[in-house]
Protein chains: 2
Amino acid sequence: MTELVKGPKGRRRGRGARERILSASQQLFREQGINRTGMDLLCAAAQVSKRTAYQHFAGKDELVAEYLREFDPSVLSGVFDRTDLTPRERLLAVFDIPPTTPLCPYIAAAVELHDPEHPASQYARDYKKAVAARLAAAAREAGAADPEQLGEQLALLIDGAAARTRVLNADAFPTAAAIAAVLIDNAIPAAAGDDRPREEASS
Amino acid sequence: MTELVKGPKGRRRGRGARERILSASQQLFREQGINRTGMDLLCAAAQVSKRTAYQHFAGKDELVAEYLREFDPSVLSGVFDRTDLTPRERLLAVFDIPPTTPLCPYIAAAVELHDPEHPASQYARDYKKAVAARLAAAAREAGAADPEQLGEQLALLIDGAAARTRVLNADAFPTAAAIAAVLIDNAIPAAAGDDRPREEASS
DNA sequence: CGTTATATACACCGATCTGTTTGCTTACGG
DNA sequence: CCGTAAGCAAACAGATCGGTGTATATAACG
């Protein structure tokens, strides 16, 4: 990504203009919101002239879309790839991200842009579906009876915790984690290391 | 839709201007978002001159706050007051509101305004706390072991369903209802009318 | 009738936002 | 060295926004 070949010459002078813009977007869009962050301020924070910014991105909409697409993988991985945890622990570890999350940027973007057809809204949907899918995969790995359902349920808990944290200004992820524990124990026939070693009869 | 204005000059005087403004706010703020709805458009929709609007409300911020305060009771009541349902059914009935909810306006406002100190954000917090409290009361009435916790959990489910519905453009309330059923059955020692008529184990 | 309170229509202000244009600078690469 | 092109700073355009000022018209009340 460091070598952004942009011409027949493969020049990479001023290396990182695009990256600085996206980096500033990550910070400002999250801290101040998308609509309240003007391109002037953003370019100043990125130490990039507006002219340059608009040469790298067709417009703010495209920048917002790229901003959402950026940390797509960074959030997805890091939790699901932890092989040192049991599948059940891995499912619960998703809810242990208190300090890094002011609010899920995808929810914020969907609300702020207010247009389901906006590219960024599409990315938000894709991301949410991807998370649910990964959760479902982890649930299947953990031996859940209905992994798809459990994945969707856990995804809803994450979004609920994010939204509630935002509105109430108080961390709601512990509550979500408690619910998740109940759901997981309820969905997995033989949950290990649990306070409910009672066997459950499937309906 | 009204016969308030008759002729170029004849108008129904006084009463109604404020209500028309708030009514238009309800519609436009929800449909288009708060930030994307200008006062010009809003006043036109309310059939009210801008001057009049600013005589009724000190500014848009105050209007937004009042807009949130308005249907505060209408949402809270109507579900909790249904005595024809058992406490457990009442708790679950909260999740049966698919068509009326494009998105919880409180979450939307908190995201759009992006300022926890904004009066509207305060109202949003108060409302969310009130809902959780009513849910907790209903949970206590239903005989939950820890009503406060169950109330908070159900509130989180509502917010999660609302946020997820918005982002994914698909109704997420059935999923939330399924989780709620699990939580309720898990929290209430003897759940009636359930597929789990197992006797409770006293702690 | 006249006064007053409430509306209205409409122009206007300053701020801000997205996006563009105009020179000018500077770092390479041949 | 010189050319090319990326980049910069800053002014500018056009639109929209929240909010006001002004002059006018009408209904209610005395």
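Numbers restart at 1 for each chain; the letters A, B, ... are given by sequence-line order, proteins then strands. What you are looking at is a predicted structure, and each value in this text was computed from that prediction instead of being measured.
- The separation between A:Phe57 atom CZ and D:dA6 atom P is 16 Å, rounded to whole Å.
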Could you pull out the protein-nucleic contacts involving nucleotides 14-21 of chain D (nitrogen or oxygen on both sides, under 3.5 Å)?
{"unit_1": "D:dG18", "atom_1": "OP1", "unit_2": "B:Lys60", "atom_2": "NZ", "d": "2.4"}
{"unit_1": "D:dG18", "atom_1": "OP2", "unit_2": "B:Met39", "atom_2": "N", "d": "2.7"}
{"unit_1": "D:dG19", "atom_1": "OP2", "unit_2": "B:Tyr54", "atom_2": "OH", "d": "3.0"}
{"unit_1": "D:dG19", "atom_1": "OP2", "unit_2": "B:Lys60", "atom_2": "N", "d": "2.8"}
{"unit_1": "D:dG19", "atom_1": "N7", "unit_2": "B:Lys50", "atom_2": "NZ", "d": "2.6"}
{"unit_1": "D:dG19", "atom_1": "O6", "unit_2": "B:Lys50", "atom_2": "NZ", "d": "2.5"}
{"unit_1": "D:dG21", "atom_1": "N7", "unit_2": "B:Arg51", "atom_2": "NE", "d": "2.9"}

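- For the pair A:Glu62 CD and C:dG19 C1', the computed distance is 14 Å after rounding to whole Å.
- A:Thr52 has a side-chain polar atom (N or O) that falls below the 4.0 Å cut-off from OP1 or OP2 of D:dC8.
- Contact check for B:Val111 versus A:Val167: no side-chain heavy atoms found under the 4.5 Å cut-off.
- Rounded to an integer number of Å, the gap from CD of A:Gln55 to P of C:dT18 is 18 Å.
- Rounding to the nearest 0.5 Å gives a distance of 8.5 Å between CG of B:Leu68 and CD of B:Gln26.
- The closest side-chain heavy-atom distance from A:Lys128 to A:Asp159 is below 4.5 Å.
- Counting heavy-atom neighbours within 6.0 Å of B:Glu62 CD, excluding the residue itself, gives a total above 12.
- Ring orientation note: the planes of B:Tyr67 and B:Phe29 are nearly perpendicular, at an angle over 60° on the 30°/60° scale.
- Separating the CD atom in A:Glu112 from the NE2 atom in A:His118 is a distance of 11.0 Å, to the nearest 0.5 Å.
- The shortest distance between the side-chain N/O atoms of B:His56 and the OP1/OP2 oxygens of C:dA7 is below 4.0 Å.
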